[in-house]
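The block underneath contains the structure these notes are about, expressed in C-alpha cells.
Being a predicted model, the structure only gives us computed values, none of them experimental. No hydrogens, no waters, no symmetry mates; every other heavy atom, side chains included, goes into these values.
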Amino acid sequence: MASVPSLASSVNQRVADALASALPEAGGADPLLRRSDRADFQANGILALAKKAKANPRELATTVVEGIPTGDLIREIEVSGPGFLNITITDKAIIETLAARAGDDRLGVPLAANPGVTVIDYAQPNVAKEMHVGHLRSAVIGAAMVEILEFTGEKVIRRHHIGDWGTQFGMLIQYLLEHPHELDHKGGNDADKQVSGEEAMSNLNRLYKASRALFDSDEEFKTRARARVVDLQAGEPETLALWQRFVDESKIYFYSVFNKLDMDIKDADVVGESGYNDMLVETCKLLEESGVAVRSNGALCVFFEDVKGPDGNPTPLIVQKSDGGFGYAATDLSAIRDRVGKLGATELIYVVDARQSLHFKMVFETARRAGWLNDEVKAVQLAFGTVLGKDGKPFKTREGETVRLVDLLDEAVERATAVVREKAEKVGLTEAEIVENGQYVGIGAVKYADLSTSAARDYKFDLDQMVSLNGDTSVYLQYAYARIKSILRRAGDRKPVAHPELELAPAERALGLHLDQFGELIAEAAAEHAPHKVAAYLYQLSSLFTTFYTECPVVKPEPELVVGENRLFLCDLTARTLTKGMSLLGIRTPEKL
C-alpha cells in the first residue's frame, strides 16, 4: 500500500499553495508549520516572507487565509499577532487519516525516496576479553539504528569489528601451545557439546591470567611470545590455527551475551581487525603515492592543520609505525576501502565511544583526501557517552572493577521478574510466562534507559528506576501495550471501527494527532541517527493513551456503539504503533503483564 500523507504535510501543502497564490514570488516557500498549544498547528513563515517582499505581514496572512478552503481538512484558521496562522483541523480528517494508516501493515509510514546502502559498525567486543558495561551502548544503539534504517527501506549491512588481532595474541598463543589443554571444555572437547558462554569466558580468563603472569615473570617465555607475534602476522599455519581457537571460543561467549540482550548477531557480519590484514600494505601504498600520507621519522603519517598536541605541534594520524607495524588507523582506513569498494556503501555509521572522536575525525578526513569518501559516500561517528553509576561517576563495582555485562543483565532480569510476579496473579500469568516476561521487561528496561537518552550524553545506570512502573521507562510502555490488549479482549464481540462522522473528545484528538506523527518521526530519527526520538515519541504516546483511557470510557461504562467502536479503533492503532516502535528499539511487548 502507498504511504499515507500525514495531516501536517496535507495542511502544509494547502498553506503553501495559498501562499504562492497570494505572493507569487514566494512560490515554493516553506510556511514553517509547527505543532501548537493554541491550535493543532501554527504557520510561522509568513512574517519573514512579508518582510522580504516589503508587505504588511498581517495583511498578507489574511490574504493567504482567504485562499485556503475549509471544511474537509481544515476546520478553522485565525490570524494571530503580526501574521501567524493558527490552524485547527477537522475531527473527520483525523479519523480518516488514521483509518488509512490502520489499513496498512507499515502503519502508513513511507519508504525513503532514495534509499542507499548503509554499513553500521557496532557491537565491537575484543577476543579473549570479557564484555563490560562499556560494550552495552554500542550494541544497543547500533541494533536500534539497524532496525530504524531498514524500516525506512535502506539496505543495511551489519559489521561487528571485533578486536581479534595484535601483540597480545603472541602471549596467548604461545601459552596455549605449551599448555595445549587449557581451552578444552569440561567432559572433553566434543564439537557437538553445547558449551555455555560462562564456561567459554572462564577458560579464556584463566588462560589470559596465567599467560600474563608468565609473560611478566619469565623473560624466555616473553621472547618466545614476541616471536609468536611475528609468526601470526606472517600467517604461519599452526599459529593461525591456535589463534582461530581463541576467536571461536570468544564467539561462544559473545553470542551468549548478545542472546541475553535479545540480539541476533550472525557469523557473516563479524569481520574483525584481522579481516583487513591483506589490505594494509596496499592502503599505505595508495596513501603514500597520492601524497595524502608522508614519511616522518620513518613512520607513515597524515598531518592536519587543526589537530595539535599539548606542545602546539601538529599531531599526526600514524598509519604505519617506524618499525613497519600497522596501527588502528591502517585497519580502519582499509575497512573504509572495503565497505565502499566491495559492499557499495553510500553511508558508513560508526557507533563508537565519544572518546574516540579525534581518531575517527582524522580517519574520515584521510579517507576524504584519498577519495574513498566524497559527496556521494559519507561517514559519520554516532558517538556515545559514558554509562555512569547512581553517584554520577563511571560505573564500577564496589571493588572498583569494571562491571561485567552479564552480571548487570542478569540482575536486571531478576529485578524485572519480581515486578512481573507482583501482578502475575491478577492477570493470570503462568510461571513460564512470568519467567519469559521477566526477560522481556528486564532486557527492555536496560535497552530503553540507554535509548531514551541522546547517544552523545552520559547516562546513569539505575536499575531501581529502570524497572519502575512510573515515569519514562520501558516498563511503563510495556504495561500501556498490555493494558490495551486487555481492553481489546474485554470488548468481546465489539470490534475496532473508525467512525469519521463522530465529534472527538479533547483526549481522543490529542491521541489521534500524535498517532499521525509516527511516519514523520521515523524519517527524522533515521536521518538524524537519533533512536532517542523514537523512545520520546513512544513515551508521549503512552502518556496520551493513559489520559485518553482515564477520560474516555472504552468498555465500562459501555459507551454508545459507534463511540465505543471508534475508541476501540484508537486503542488498536495505539497498540500497533507501540509494538512497532518498541520493536525498532529491540524491545518486546508482552500481551499480558
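Heavy-atom neighbours of Phe304 CZ from other residues, nucleotides or ligands within 6.0 Å: above the threshold of 12.
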From CA spacing to verdict: side chain to side chain contact (heavy atoms under 4.5 Å, CB included), Ile349, Val119 = CA-CA 6 Å; Ile349 300 175; Val119 176; over 6 Å; no

query = Can you list the steps and then say if Met145 with Val351 is a side chain to side chain contact (heavy atoms under 4.5 Å, CB included)?
reply = CA-CA 9 Å; Met145 276 316 306; Val351 189; 5.7 Å; no

task = Please test Leu578 against Thr589 for side chain to side chain contact (heavy atoms under 4.5 Å, CB included), starting from the C-alpha separation and ending with a verdict.
result = CA-CA 8 Å; Leu578 266 176; Thr589 42; 5.6 Å; no

Residues 374-384 side chain polar contacts: donor-acceptor under 3.5 Å, at least two apart:
residue	atom	partner	partner atom	Å
Asn374	OD1	Glu376	N	2.8
Asn374	OD1	Val377	N	2.9
Gln381	OE1	Ser357	OG	3.3
Gln381	NE2	Val352	O	3.2
Gln381	NE2	Asp353	O	3.1

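Listed by chain and number, the residues in a ring-ring contact (aromatic ring centres under 6.0 Å, His included) with Phe360 are Tyr350, Phe364 (sequence neighbours excluded). Applying the ring-ring contact (aromatic ring centres under 6.0 Å, His included) rule to Trp165 yields the partners Trp243; only residues at least two apart in sequence or on another chain are considered. Listed by chain and residue number, nothing satisfies the ring-ring contact (aromatic ring centres under 6.0 Å, His included) test with Tyr459 (two or more places apart in sequence, or in another chain). Take Tyr276 and apply the ring-ring contact (aromatic ring centres under 6.0 Å, His included) test, not counting sequence neighbours, and it matches His161.
Considering only heavy atoms from C-beta on, Gln517 stays 4.5 Å or farther from Gln540 through its side chain. Ser474 is not listed as a side-chain neighbour of Lys447, based on a closest heavy-atom distance of 4.5 Å or more. Considering only heavy atoms from C-beta on, Val127 comes within 4.5 Å of Phe169 through its side chain. Side-chain contact between Val406 and Met201: absent, with no pair of heavy atoms (C-beta onward) separated by less than 4.5 Å. Residues Tyr255 and Val270 meet the side-chain proximity criterion, which asks for heavy atoms closer than 4.5 Å. Using a 4.5 Å cut-off on side-chain heavy atoms (C-beta onward), Thr574 and Leu515 make contact.
Distance alone, capped at 3.5 Å, places no donor-acceptor pair between the Thr473 side chain and the Val467 backbone. Tyr448 places no side-chain N or O within 3.5 Å of a backbone atom of Val475 that could act as its donor or acceptor partner. Side-chain atoms of Gln478 come within 3.5 Å of backbone N or O of Arg588 as a donor-acceptor pair. The backbone N or O of Arg457 lies less than 3.5 Å from no partner atom in the side chain of Ser454, so there is not a single donor-acceptor pair. The main-chain N or O of Gly235 is never found under 3.5 Å from a side-chain atom of Thr239 such that the two would form a donor-acceptor pair.
Contact detail for Ala139 and Met263: the closest heavy-atom pair is O-CE, 3.3 Å.
Look at Asp450 and Arg137 and you find a salt bridge, because one of the NZ, NE, NH1 or NH2 atoms lies within 4.0 Å of a carboxylate O, short of that distance. The pair Lys361-Asp306 meets the salt-bridge criterion, with a side-chain N (NZ, NE, NH1 or NH2) lying under 4.0 Å from an Asp/Glu carboxylate O. A salt bridge links Arg228 with Asp231: the closest approach of a Lys/Arg side-chain nitrogen to an acidic carboxylate oxygen falls below 4.0 angstrom. Here Glu365 pairs with Arg368 in a salt bridge; the nearest charged N to carboxylate O distance falls below 4.0 Å.
Contacts classified as ring-ring contact (aromatic ring centres under 6.0 Å, His included) and involving residues 108-136 (residues at least two apart or in different chains) are given here: Tyr122-His160, His132-His135.
Relative to the six-membered ring of Phe41, Arg35 meets both conditions, a distance below 6.0 Å and an angle of at most 45° to the axis.
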